[in-house]
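I have placed the structure first, in the form of structure tokens, so that the comments after it can refer back to it.
Reminder, nothing fancy here: chain letters follow the sequence lines and each chain counts from 1. Because the structure is predicted, anything quoted here is derived from the model rather than measured.
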Amino acid sequence: AQSVSQHNHHVILSEAASLELGCNYSYGGTVNLFWYVQYPGQHLQLLLKYFSGDPLVKGIKGFEAEFIKSKFSFNLRKPSVQWSDTAEYFCAVIDFDNYGQNFVFGPGTRLSVLP
Amino acid sequence: EAQVTQNPRYLITVTGKKLTVTCSQNMNHEYMSWYRQDPGLGLRQIYYSMNVEVTDKGDVPEGYKVSRKEKRNFPLILESPSPNQTSLYFCASIASDNEQFFGPGTRLTVL
């Protein structure tokens, strides 16, 4: 079965630092990949998604992610974080070989940005 | 405005007392899903529905039921809640391109 791992449980950065959050999935069939953000006390919101084509995907709020198929990875990046980026970030995969049964989320990475 | 609504937002109940969490979407999506969110575990899929009258188990279905009698509604039913079902629950409505739209969440405490 598909699984998703996120490299860091909690990341602490100062404002203006660069961010990279790791995400790896286990099964290499046809996949769609997502990053969601959850601000404190709120529901998940989509940051960006990859379906096909250019492996470098740009999302909202200056975030981008790169799909590397050979590494089963979809890492999230932002060149300069802000205090308002403090949130929990979830990577998610939908696996078309098991459509409907394999909408799988990673355990999340909590990002704390210090002012 | 496209949205997913859930009710109640907060619920404290006791072991064994049946409860229903409602979920409704106004985007005419066929695919809907329920998740529970627990610290360190991310979101885990409980049940999903690909269309009216079609439901399937996700990764953690034990202790839950769902129904899908009409496209817009997808209630989650706990027939006999137990303390290990204390969690934060999210309903999602999923577009044809697989983007998920989440409800605001229901925080459930079972004593």
Q) Honestly curious: do B:Phe74 and B:Tyr89 fall in one hydrophobic cluster under the side-chain, below-4.5 Å linking rule? A) yes
With chain B, the option among A:Leu44, A:Val4, A:Asn32 that has the most non-hydrogen atom pairs under 4.5 Å is A:Leu44
Review point. Transitively linked via ILVMFWY side-chain contacts under 4.5 Å: A:Phe74 with A:Leu111?
Key: yes
Inset, instruction - Could you please spell out the steps behind the side-chain contact (heavy atoms from CB on, under 4.5 Å) verdict for A:Lys49 and B:Asp97? - result: CA-CA 10 Å; A:Lys49 58 190 178 186; B:Asp97 66 356; 2.9 Å; yes
Q.
For residues B:Phe90 and A:Phe90: do they belong to one hydrophobic cluster (side chain heavy atoms under 4.5 Å, members Ile, Leu, Val, Met, Phe, Trp, Tyr)?
A. yes
Query raised in the report: If you draw a 6.0 Å radius around CZ in A:Arg77, do more than 12 non-hydrogen atoms from other residues or ligands fall strictly inside?
Result: yes
query = Are B:Tyr64 and B:Met50 connected, step by step, through hydrophobic side chains (Ile, Leu, Val, Met, Phe, Trp, Tyr) whose heavy atoms are closer than 4.5 Å?
reply = no
So OH of A:Tyr36 and CD of B:Glu99: to nearest 0.5 Å the spacing works out to 6.0 Å
Correct closest heavy-atom pair for A:Pro107 and B:Gly40 would be CB-O, 3.4 Å
Okay, B:Tyr35 and chain A: the region with an atom under 4.5 Å from a heavy atom over there is side chain
Under 4.5 Å to a heavy atom of chain A? For B:Leu43 that would be both
Point to revise | side-chain contact (heavy atoms from CB on, under 4.5 Å) evaluation trace for A:Phe105 with B:Arg44 | key: CA-CA 7 Å; A:Phe105 282 80; B:Arg44 293 179 292 167; over 6 Å; no
Turns out that what part of A:Leu46 lies under 4.5 Å from chain B's heavy atoms comes down to side chain
Atom NE2 of A:His9 with >12 non-hydrogen neighbours under 6.0 angstrom
no
Over 12 foreign heavy atoms within 6.0 Å of CG, B:Leu41: yes
Value for CG (B:Asn98) from CD1 (A:Ile94), rounded to nearest 0.5 Å, stands at 4.0 Å
With the side chain counted from C-beta on, respond yes when A:Gln38 and B:Phe102 share a heavy-atom pair under 4.5 Å apart, and no when they do not.
no
Okay, B:Gln37 and chain A: the region with an atom under 4.5 Å from a heavy atom over there is side chain
Could you go step by step and tell me if A:Gln45 and B:Phe101 meet the side-chain contact (heavy atoms from CB on, under 4.5 Å) rule?
-> CA-CA 7 Å; A:Gln45 302 170 44; B:Phe101 295 84; over 6 Å; no
Applying the 4.5 Å side-chain criterion to the ILVMFWY set and letting contacts propagate, would A:Leu33 and A:Ile60 be lumped into a single cluster? yes
